[in-house]
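Here is the structure we will look at, set down as structure tokens.
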Protein chains: 2
Amino acid sequence: MTTAPQRFSAITRTAAQTRVLDAALKLIAEHGVSGTSLQMIADAMGVTKAAVYRQFKTKEEIVIAITEREMSRLEDAVEAAEAVGHPVGAREVLLDRMIDQAIERRGEVSVLQFDPVIIRLQGEHEPFQRFIERLYAALLGTEPGVEARFHAAMLSSAISVAVMHPLVADLDAETLRAQLIQMSRRMLDLPADSSAKRRSAAV
Amino acid sequence: MTTAPQRFSAITRTAAQTRVLDAALKLIAEHGVSGTSLQMIADAMGVTKAAVYRQFKTKEEIVIAITEREMSRLEDAVEAAEAVGHPVGAREVLLDRMIDQAIERRGEVSVLQFDPVIIRLQGEHEPFQRFIERLYAALLGTEPGVEARFHAAMLSSAISVAVMHPLVADLDAETLRAQLIQMSRRMLDLPADSSAKRRSAAV
DNA sequence: GTCTATAGCGGGATAGAC
DNA sequence: GTCTATCCCGCTATAGAC
């Protein structure tokens, strides 16, 4: 039996499939999975439902593919972090990348994390579970205590949600990024560091 | 023309209506608004759909009523904060109360904030908009700058989401509360203060 | 790869008896 | 306040022609 690919990045899609995923992601980000029908996806693409079903057998497969694609972006960040020798430095690299991506996608995507259907899927789909475990491990850094777990939870929550908050909707990406980096360091009780780019020479 | 009540707390519901809202809230927290049908609500209550429709004319009315009830809880916190003379002290009181409620409801409810249907409703329903404005004003404290807006966004995001994070699922309420208070003070660059209960004598 | 057409089901909502 | 029965619609999914 051939095992499923270990990396989401290894999954390839045809151009037609990618067009479906692009349209579906946009709609799901706005209406949620349950609030998005295949008719809506087909209309957005200018084709019929049957044409969509040719690319993916079920709606659930579309949602899984979207989740895989989003996770593959984070996967790159996790692997970059794991490549760093020191756990503390690894965490810093990961947080930098998570901030980059949260800003890059700015609200379009953050909502996916909270969709009930996607949450259920993450629990049922083994590759998703394994990746989330891996992400948490990289996020936790060295100390295995209560505080470290709390810090990781608070930081990852705050980053992905704060970028789509109405109160910061008018901030440009650079300002938002600077504030997020500064706040992250403060939350971890690290010295404020304006040059957060030294990816090597970690503490 | 009689204007809508200014306070959500002034809205009264019959016992039958409350039973509907309780059942609906539970289901919506798990499956989202679009993923929850009136049949599911009726089944959870042990009655038929028609019995539910006797209490609320439409599904949307149920969702609105649920949102009103959740906001009325926060309303108490906002009013307690507004009663404090100093803006800085007011913000501290509000944050304390927000932390209390986030822990009290622990994930059951936090998801509602991100439901696409409820987000749309908040934009369309004037009383909801007015309340959110009021909440933000109390949350912003004194300084009107970019930093203050960012801090308010980051804090309110982090508090409501962190409590339902898997990494802290096994923490008891007291530990979680202590960590949240400590982190909030750190995020606002206030001195760490273990006795966070002095509701008067604000800074 | 796209279409038309349709099956089969569950959704929201209403009528009217008890 | 609860029921049974029903209406109409949109949903997921499939069949089969082009």
Side-chain angles (χ1 to χ4, degrees), chain A residues 11-69 112 115-121 124-125, chain B residues 11-69 111-112 115-122 124-125:
Chain A
I11 300 172
T12 56
R13 299 284 177 197
T14 66
Q17 285 179 322
T18 302
R19 262 179 287 132
V20 172
L21 297 184
D22 288 343
L25 175 61
K26 212 168 197 169
L27 287 164
I28 288 176
E30 185 174 349
H31 303 105
V33 173
S34 297
T36 302
S37 70
L38 266 101
Q39 187 65 66
M40 291 163 71
I41 297 172
D43 288 349
M45 297 175 65
V47 297
T48 61
K49 277 190 292 180
V52 177
Y53 273 111
R54 181 128 270 261
Q55 306 305 326
F56 295 94
K57 269 193 292 243
T58 63
K59 181 181 174 181
E60 179 152 319
E61 276 190 25
I62 295 177
V63 179
I64 290 177
I66 286 176
T67 309
E68 284 171 347
R69 211 171 54 159
L112 295 193
D115 190 288
V117 176
I118 293 181
I119 289 173
R120 179 182 52 76
L121 231 54
E124 291 171 358
H125 212 65
Chain B
I11 300 171
T12 57
R13 299 284 175 197
T14 65
Q17 284 178 322
T18 301
R19 262 178 288 135
V20 172
L21 297 184
D22 288 343
L25 175 60
K26 210 168 198 167
L27 287 164
I28 288 176
E30 186 174 349
H31 303 104
V33 173
S34 297
T36 302
S37 69
L38 266 101
Q39 188 65 64
M40 290 163 74
I41 297 172
D43 288 349
M45 297 175 65
V47 297
T48 60
K49 275 193 291 180
V52 177
Y53 273 110
R54 182 127 271 260
Q55 307 304 326
F56 295 94
K57 270 194 292 242
T58 64
K59 182 182 175 181
E60 179 151 319
E61 276 191 24
I62 295 176
V63 179
I64 290 176
I66 286 176
T67 309
E68 285 171 345
R69 210 170 55 159
V111 204
L112 296 193
D115 190 288
V117 177
I118 293 180
I119 290 174
R120 178 180 53 76
L121 231 54
Q122 286 179 348
E124 292 171 357
H125 212 64

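By convention in this document, chain letters (A, B, ...) are assigned in the order of the sequence lines, proteins followed by strands, and residues within each chain are numbered from 1.
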Show the nearest heavy-atom pair for residues [X] and [Y], with the distance to one decimal.
X: B/Leu27; Y: B/Ala44; answer: CD1-CB, 4.0 Å
X: A/Arg69; Y: A/Leu25; answer: NH2-CD2, 4.0 Å
X: A/Ala24; Y: A/Ile66; answer: CB-CD1, 3.7 Å
X: A/Glu30; Y: B/Pro116; answer: O-CB, 3.4 Å
X: B/Val117; Y: B/Asp115; answer: N-OD1, 2.8 Å

What is the distance, to the nearest angstrom, from the CE atom on B/Met45 to the C1' atom on D/dG1?
11 Å
Length of the line joining B/Ile41:CD1 and C/dG11:C1', which is rounded to integer Å
12 Å
Below 4.0 angstrom, which residues in residues 13-39 of chain A have at least one non-hydrogen atom near DNA chain C?
A/Ala16
At a heavy-atom distance below 4.0 Å, what parts of residues 46-64 of chain A sit against DNA chain C?
A/Val47, A/Thr48, A/Ala50, A/Ala51, A/Arg54, A/Gln55
Full working for side chain to side chain contact (heavy atoms under 4.5 Å, CB included) between B/Val33 and B/Leu121
CA-CA 11 Å; B/Val33 173; B/Leu121 231 54; over 6 Å; no
What side chain to side chain donor-acceptor pair (under 3.5 Å) pairs are there with at least one residue in residues 54-68 of chain B, not counting sequence neighbours?
B/Arg13-B/Glu68
With heavy-atom distances below 4.5 Å as the criterion, would you say the side chains of A/Phe56 and A/Ile64 are in contact?
no
